[in-house]
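Notes for the one structure printed next.
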Amino acid sequence: MKVLVVGSGGREHAFVWKLSQSSRVTKIFCAPGNAGIARLAKCIDIKADDVDSLLNFAKYEGIDLTVVGPEAPLTKGITDAFIKEGRMIFGVNASASRLEGSKVYAKEFMLKYGIPTAEYKSFTSYHQAEEYIRLKGSPAVIKADGLAAGKGVFVAETAEEAINALNVIMKDKAFGDAGDKVIIEQCLKGEEASFMVLIDGETILPLASSQDHKRIFDNDEGPNTGGMGAYSPAPVVTKELEEEIMASIMDPIMKGLAREEIKFRGVLYAGLMICDGKPYVLEFNCRFGDPEAQPILMRLESDLYDVMKATAEGRLDQVNLRWKDATSICVVLSSEGYPGEYAKGRVITGLDSFKGRDDVFVFHAGTAANDNGEFITTGGRVLGVTALGSDIKTAKENAYKAIEKIHFEGMHYRKDIGDRAINRE
Ligand code: AMP
Ligand code: GLY
């Protein structure tokens with residue numbers, strides 16, 4: 001079977017890596033891919049959100065399954081376009097992707113179907129938003145309505161910080177028209193977890209739990225990023241909590257999707273805050289998390305091709321996911337300056353030391369190859385060093401030991417990925 005993976009990050013490298021282990025997969029293409037992906041798949045120079053070119057390519061190559069990583073092509077309707085042409089695709093359609101594409105829509109959906117979330121108000125007027133901030137006081141969370149690559153959310157400890165954030169979103173238009181509307185919501189205190197499920201329209205199947213680290217610096221300091229590291233499982237998600245998440249969040253979502261006549265086939269990612277043992281939804285994504293996909297897929301024993309195909313065909317009731325009884329941890333190595341302006345073109349060394357290891361894999365995100373055949377940095381998040389271990393301590397040791405071998409100028413990474421889980425033990 002021929003597979004096309006759409007995207008170019010660590011998540012897509014993890015898809016390609018896992019799909020390449022399937023006995024059913026004969027050839028993998030990736031559009032546009034990166035230098036690490038190029039070792040396992042043929043990279044095609046088509047942008048991830050160029051729906052027409054992707055469809056033409058899939059038809060021309062006779063691709064059996066297309067797998068979409070990032071949100072942009074989903075909100076642009078790639079799934080609708082492929083299905084219209086009778087082509088199999090793993091990824092939600094445009095109407096389902098609104099749960100991620102508009103935070104205002106997601107909040108209204110949650111309110112309508114009784115899904116626990118922070119109290120909020122949405123605004124299109126800067127002045128009314130500013131007035132509300134002054135009225136409500138701090139802390140407060142300010143969110144751009146549309147897609148902003150995980151950077152459109154500001155947790156403001158003071159009213160001044162909140163108003164600054166409002167300026168960045170609504171006046172400076174740092175995220176373009178994603179900032180035409182804002183949400184101002186109550187700041188929840190607790191522990192975060194990422195909870196993903198596969199949905200095929202009828203059946204819902206939870207994936208292993210995970211925990212992301214959104215802030216750039218240790219101890220959750222500094223600005224939000226796309227994610228600086230993750231581990232799976234997340235010990236905060238106990239069996240009881242998982243039952244509670246399924247009952248108080250996922251069941252109402254399934255009812256809501258049915259009532260709104262939204263056919264949801266793909267991944268639903270709920271970003272949760274666990275406050276006094278109760279889960280609240282901070283956000284929805286309609287795709288695998290990045291970096292969460294890396295540790296989760298490293299633990300998956302089932303054939304990813306079969307699982308994705310079953311999701312696309314509405315046969316998830318026949319799937320039984322099998323997981324390695326181990327912990328996996330991914331530490332992201334980022335470029336100097338990220339999540340702001342960052343340096344590019346730095347030569348990366350040390351990546352060949354991991355060949356043949358099955359307990360460590362370095363997933364590439366923003367990398368390319370230069371004319372000398374060396375790997376260079378091209379993105380904010382560059383690599384995701386992902387390791388398995390019998391427990392979180394061992395997995396952490398394995399990941400950080402691997403990082404010692406890797407170098408590029410200005411390389412930054414958090415030193416505390418995994419500590420939250422270790423401190424729980
Ligand atoms: P989101 O993209 O909505 O998940 O927000 C990004 C990050 O901002 C989350 O992972 C949290 O760390 C933080 N955040 C978002 N909403 C809230 C909230 N209501 N209370 C506290 N922190 C929040
Ligand atoms: N790591 C968070 C996300 O993928 O949105």
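Being a predicted model, the structure only gives us computed values, none of them experimental. One-based numbering along the sequence shown. Ligands are counted one by one from 1 in listed order, and the atoms in each one are counted from 1 as well.
- Closer than 4.0 angstrom to ligand 1 lie heavy atoms from K103, A118, V141, K143, V153, V155, E185, Q186, C187, L188, E192, K214, N224, M273, L282, E283.
- Not counting sequence neighbours, the partners of T117 by the side-chain hydrogen bond (donor to acceptor under 3.5 Å, both in side chains) test are K107.
- The closest donor-acceptor contact from the side chain of N34 to the backbone of G366 lies at 3.5 Å or more, if one exists at all.
- Proximity of a side-chain donor or acceptor of R414 to a complementary backbone N or O of R215 within less than 3.5 Å is detected.
- Counting non-hydrogen atoms of neighbouring residues, nucleotides and ligands closer than 6.0 angstrom, the NZ atom of K324 exceeds 12 such neighbours.
- Contact detail for L300 and K18: the closest heavy-atom pair is O-NZ, 2.7 Å.
- For K47, the NZ atom counts as loosely surrounded, since its 6.0 Å shell holds 12 or fewer non-hydrogen atoms of other residues, nucleotides or ligands.
- Contact of the R346 side chain with the S335 side chain is not registered, since no non-hydrogen atoms from C-beta on lie closer than 4.5 Å.
- Among residues at least two apart or in separate chains, ring pair (Phe, Tyr, Trp, His ring centres under 6.0 Å) pairs with a member in residues 210-246 are H213-Y231, F217-H412.
- Enumerated by chain and number, the residues approaching ligand 2 to less than 4.0 Å through a heavy atom are D212, K214, G226, Y269, N285, R287, G289, D290, P291, E292.
- Classification of the F288-F15 ring pair by plane angle, with boundaries at 30° and 60°, yields perpendicular.
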